[in-house]
Amino acid sequence: MPIVVIDSAAGVPEVAGDDSGGDLAPARPCQALFCESFEDVAAGSPPDPAIWTRTSDDLVVEVTDGALGSKKALHVPSVVNGFKYIREKKSIAAMGTKFYGRVWFRIDRRPLERPATLFHWTLLSADELDDYLKGKLIRFGGHIEGDNSNWLRFNFQTHNMPGETGLNDMAYKLDTKKWYCVEFYYSLPDQEARIWMNGVERPALHWLKSVAGYTFPPSISQMSFGWAEAHGIATPWEVWVDEIALDTKKIGCGD
């Protein structure tokens, strides 16, 4: 299992590998302040509980054709409603109020039925509070709407203070069985968020004080990665998540 190593100068944890044998392999070398490749987690096991908490016991690392040539990734099975997340608090506090992130994801199964209104999914969330059901959430995900295409959305959930809002990118449509790299930048004091897909910025999702009356929280408690579906669906989502990284500078989609 990975262990946390504290850089005494930066006070930021990193993930270091345990290549003790079996199906374990060394973690991918970390070029950011925080990385999680899942390579040094035994198949069928949860991500390191010293780093990650889970909202669902079926979130485990499994063997797959992972991102960046890896052999394992986090498996998010059968989501039809609600959320299944792993959450990390140890590094995000040290990132401050301006930080970058990166995560790869692959959708293996998605709802095929047409929604009555829409299906709304979420991949990652910067959470103001430990309780995901309260406070402000700066999220990235997408929508399936009437034409059954699956496109992107930057979503700001405020739990009715004043209410949910966001920005849409209907030009970028997602396929199944394909890895995608998402990069994000959040600046809380500047009220700014930026999104890149496979290394290319999506201007439609650039939030900069975009909606009057909506302000980012002063700090973030934790980062959540996984999958959420806001509407009940018949055909479940099945998703893989891999190569998570956080830093105070832009990370990129490579190692």
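Every ring pair (Phe, Tyr, Trp, His ring centres under 6.0 Å) that Tyr132 has, sequence neighbours left out, goes to Phe83, Tyr85. Qualifying side-chain hydrogen bond (donor to acceptor under 3.5 Å, both in side chains) partners for Asp175, counting only residues two or more places apart in sequence or in other chains: none. With sequence neighbours excluded, the residues that form a side chain to side chain contact (heavy atoms under 4.5 Å, CB included) with Val211 are Thr165, Trp207, Tyr214. With sequence neighbours excluded, the residues satisfying side chain to side chain contact (heavy atoms under 4.5 Å, CB included) with Val60 are Arg54, Glu62. Scanning for side chain to side chain contact (heavy atoms under 4.5 Å, CB included) contacts around Lys134 gives Leu129, Asp131, with sequence neighbours left out. His75 meets the ring pair (Phe, Tyr, Trp, His ring centres under 6.0 Å) test with Trp240; sequence neighbours excluded. In terms of the side-chain hydrogen bond (donor to acceptor under 3.5 Å, both in side chains) criterion, Lys71 has no residue partners (sequence neighbours excluded). Applying the side-chain hydrogen bond (donor to acceptor under 3.5 Å, both in side chains) test to His206 and every residue at least two apart in sequence or in another chain returns Glu192. Considering only residues two or more places apart in sequence or on other chains, Leu118 meets the side chain to side chain contact (heavy atoms under 4.5 Å, CB included) condition with His120, His143, Glu145, His231. A search for ring pair (Phe, Tyr, Trp, His ring centres under 6.0 Å) contacts involving Phe184 returns Tyr186, not counting sequence neighbours.
At a threshold of 4.0 Å, the pair Asp130-Arg87 does not count as salt-bridged, since none of the basic side-chain nitrogens sits closer than that to a carboxylate oxygen.
Asn81 CG: more than 12 foreign heavy atoms inside a 6.0 Å radius.
Screening Asn148, Ile144, Ile233 against Glu113 for a side chain to side chain contact (heavy atoms under 4.5 Å, CB included) leaves a single residue, Ile233. Put simply, the residue from Leu174, Leu123, Leu167, Val182 that forms a side chain to side chain contact (heavy atoms under 4.5 Å, CB included) with Leu152 is Leu174.
Proximity of a side-chain donor or acceptor of Asn168 to a complementary backbone N or O of Met170 within less than 3.5 Å is not detected. Panel note: side chain Arg114, backbone Gly146; a donor-acceptor pair is recorded below 3.5 Å. No donor-acceptor pair under 3.5 Å is formed between the side chain of Thr248 and the backbone N or O of Phe99. Here the side chain of Arg102 pairs a donor or acceptor atom with the backbone of Glu243 at under 3.5 angstrom.
Side-chain heavy atoms closer than 4.5 Å link hydrophobic residues (I, L, V, M, F, W, Y) into clusters, and following such links, possibly through other members, connects Leu124 to Ile107. Residues Trp179 and Trp196 do not share a hydrophobic cluster, defined by chaining ILVMFWY side chains whose heavy atoms lie under 4.5 Å apart.
Ring-plane geometry between Phe34 and Trp52 is classed as perpendicular, the angle between the planes exceeding 60 degrees on a 0 to 90 degree scale with a lower cut at 30.
Here the CZ-OG distance, from Arg109 to Ser78, works out to 5.5 Å after rounding to the nearest 0.5 Å. Summarising the geometry, atom CD1 belonging to Ile220 is positioned 7.0 Å from atom CD1 belonging to Ile92; distances are rounded to the nearest 0.5 Å.
Pairing each heavy atom of Ile244 with each of Phe38, the nearest pair is CD1-CZ, 4.0 Å. Closest of all the heavy-atom pairs between Arg110 and Thr235 is O-CG2, 3.4 Å. Nearest heavy-atom pair, Gly135 versus Glu128, reported as atom, atom and distance to 0.1 Å: CA-OE1, 3.5 Å. Taking every heavy atom of both residues into account, Leu74 and Leu59 meet most closely at CD1-C, 4.1 Å.
Two residues are said to be in side-chain contact when any heavy atoms from C-beta on lie closer than 4.5 Å; Tyr172 and Val200 fail this criterion.
Every pair passing disulfide bond (SG atoms under 2.5 Å apart) that includes a residue from residues 180-255 is listed here, sequence neighbours excluded: Cys181-Cys253. Applying the salt bridge (Lys or Arg N to Asp or Glu O under 4.0 Å) test to pairs two or more places apart or on separate chains, those with a residue in residues 162-172 are Arg139-Glu164, Asp169-Arg202.
Residues Thr53 and Lys89 bring no donor and acceptor atom of their side chains to less than 3.5 Å of each other. No hydrogens or angles considered: nothing links the side chains of Asn155 and Thr122 as a donor-acceptor pair under 3.5 Å.
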Check the pair Arg106, Asp242 against salt bridge (charged side-chain N to carboxylate O under 4.0 Å, His left out), reporting the backbone distance first and the verdict last. CA-CA 9 Å; Arg106 185 182 81 211; Asp242 204 4; over 6 Å; no
